[in-house]
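Below you will find the structure I want to go over with you.
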Amino acid sequence: MTNTLEIDDDLMDRIESHRDEGQSPEEFVAELVAMYETEGTFLQEGYSE
């Protein structure tokens with residue numbers, strides 16, 4: 001099953017700026033979800049609770 005997700009232009013620009021060369025937006029989002037599932041949270045460099 002395929003679902004469609006609509007995102008605004010600003011978010012798409014942000015995604016485009018972070019993708020690796022040849023990486024599709026779908027692959028980028030899948031990588032983010034996998035990191036979240038593994039770590040339980042997204043980490044930012046220099047950030048700690």
Pairs meeting criterion salt bridge (charged side-chain N to carboxylate O under 4.0 Å, His left out) with involvement of residues 5-15, two or more places apart: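 Qualifying pairs: none.
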
Residues forming a side chain to side chain contact (heavy atoms under 4.5 Å, CB included) with Ser24, sequence neighbours excluded: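 Only Glu26, Glu27 meet the side chain to side chain contact (heavy atoms under 4.5 Å, CB included) criterion with Ser24.
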
Test item: Leu5 and Val29 side chains (from C-beta on) under 4.5 Å apart, heavy atoms: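 Heavy-atom side-chain distance check fails, nothing below 4.5 Å.
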
CE-CD1 distance between Met12 and Ile15, expressed to the nearest 0.5 angstrom: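 It comes to 5.5 Å.
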
Test side chain to side chain donor-acceptor pair (under 3.5 Å) applied to Glu16 - qualifying residues, sequence neighbours left out: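 For Glu16 the side chain to side chain donor-acceptor pair (under 3.5 Å) partners, ignoring immediate neighbours, are Arg19.
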
